[in-house]
Amino acid sequence: MPRERIELRSADEVARIRDACAIVRDVLAEVAEAVEPGVTTGEIDRLAEALTEARGAKPAFKGYHGYPAVLCISLNDEVVHGIPSPGRRLRSGDIVGLDFGVVYRGWFGDSAVTVPVGKISASARRLLDTTREALGAGIDAVRPDGRLGDVGAAVQRHVEAKGYSVVRDFVGHGIGRKLHEPPQVPNFGAPRSGPRLRPGMVLAIEPMVNAGGPDVRVLGDGWTAVTVDGSLSAHFEHTVAVTEDGPAVLTCS
Ligand code: MF3
Ligand code: CO
């Protein structure tokens, strides 16, 4: 199979992606602040839509393969791609994944966080912390002379050391002119394998971590992915550029 070409962006192009990512970061921070017991996921989605419009950007997910909302909001055992709904009310103790992307002046940015609703259990807290740390470990593995497999290996190592599983059925991705570009960015694999990382590559790194086993299934709505064993799942994502000096996290700088 021919290897797909991975785009290399100029410093100026990376700056344009950074502009999109700044909007993603700001909107995601504001919608995360709105998460509290009693709020519906539909209300959070409407807030995200209004904030995106106010910034002059377009939501990247709405209409993507027919996806019906601005955010993906995934609660508890939902892994990714939960559809916001006016009938879905957050309760204290829930964990809520908020995944959000925009296109701004032709460039895409993508990020996700998982946040607590009210007071959560110590085990849920540990899952969130581990998943956030695993994203950090993946980002730290980005080196201009490294390989893509170093990223997945670093994520997997951190997650499995804590007794959790990385999801195999969904992966991160290149990003830039489209939401999803080559290469796929798995959260598992072998170090020193896969394509070489080069300055100018832009990757969305997005570990999905299950407290139990790695298996997921998609519900009858055609979108919502849940853990097969009913265990909790968390998801964090940043858009990251490979630079001569290492990773530049575009969705948090
Ligand atoms: N959240 C996915 C990602 O981070 C993309 C979701 S597109 C949607 O790559 F249409 F499913 F929302
Ligand atoms: Co993504």
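Just so you know, ligand 1 is whichever comes first in the structure, and atom 1 is the first atom listed for that ligand. Note that this is a predicted model, so its numbers are computed, not measured. Note that the numbering runs from 1 along the sequence shown for the chain.
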Enquirer: Is there side-chain contact between Arg125 and Pro116, with heavy atoms separated by less than 4.5 Å?
Expert: yes

Enquirer: Before accepting this row, confirm whether a basic side-chain N of the pair Asp129/Arg126 lies closer than 4.0 Å to the acidic partner's carboxylate O.
Expert: no

Enquirer: Can you pull out every ring-ring contact (aromatic ring centres under 6.0 Å, His included) where at least one residue sits in residues 128-176? Sequence neighbours excluded, please.
Expert: His81-Phe170, His173-His180

Enquirer: Given Leu203, which of Thr239, Leu148, Ile139 fulfils the side chain to side chain contact (heavy atoms under 4.5 Å, CB included) condition?
Expert: Leu148

Enquirer: Just list the side-chain donor-acceptor pairs under 3.5 Å for residues 29-44, sequence neighbours left out, or say none.
Expert:
{"from": "Thr40", "atom 1": "OG1", "to": "Glu43", "atom 2": "N", "distance (Å)": "3.0"}
{"from": "Thr41", "atom 1": "OG1", "to": "Ser85", "atom 2": "N", "distance (Å)": "2.9"}
{"from": "Thr41", "atom 1": "OG1", "to": "Ser85", "atom 2": "O", "distance (Å)": "3.2"}
{"from": "Glu43", "atom 1": "OE1", "to": "Thr40", "atom 2": "N", "distance (Å)": "3.0"}

Enquirer: Testing the 3.5 Å rule here: is there a donor-acceptor pair between the side chains of Asp229 and Ser231?
Expert: yes

Enquirer: More than 12 foreign heavy atoms under 6.0 Å from CD of Glu160: is that the case here?
Expert: yes

Enquirer: Between Arg55 and Asp26, does any NZ, NE, NH1 or NH2 come within less than 4.0 Å of an OD or OE carboxylate oxygen?
Expert: yes

Enquirer: Given a heavy-atom cut-off of 4.0 Å, could you list the residues near ligand 1 in chain and number order?
Expert: Phe61, Tyr64, Tyr67, Cys72, His81, Asp99, Asp110, His173, His180, Glu206, Trp223, Glu237

Enquirer: May I ask you to say whether Arg16 pairs ionically with Asp19, meaning some side-chain N is under 4.0 Å from a carboxylate O?
Expert: yes

Enquirer: Leaving out waters, which are not shown anyway, how many protein N, O or S atoms lie closer than 2.8 Å to the Co ion (ligand 2)?
Expert: 4

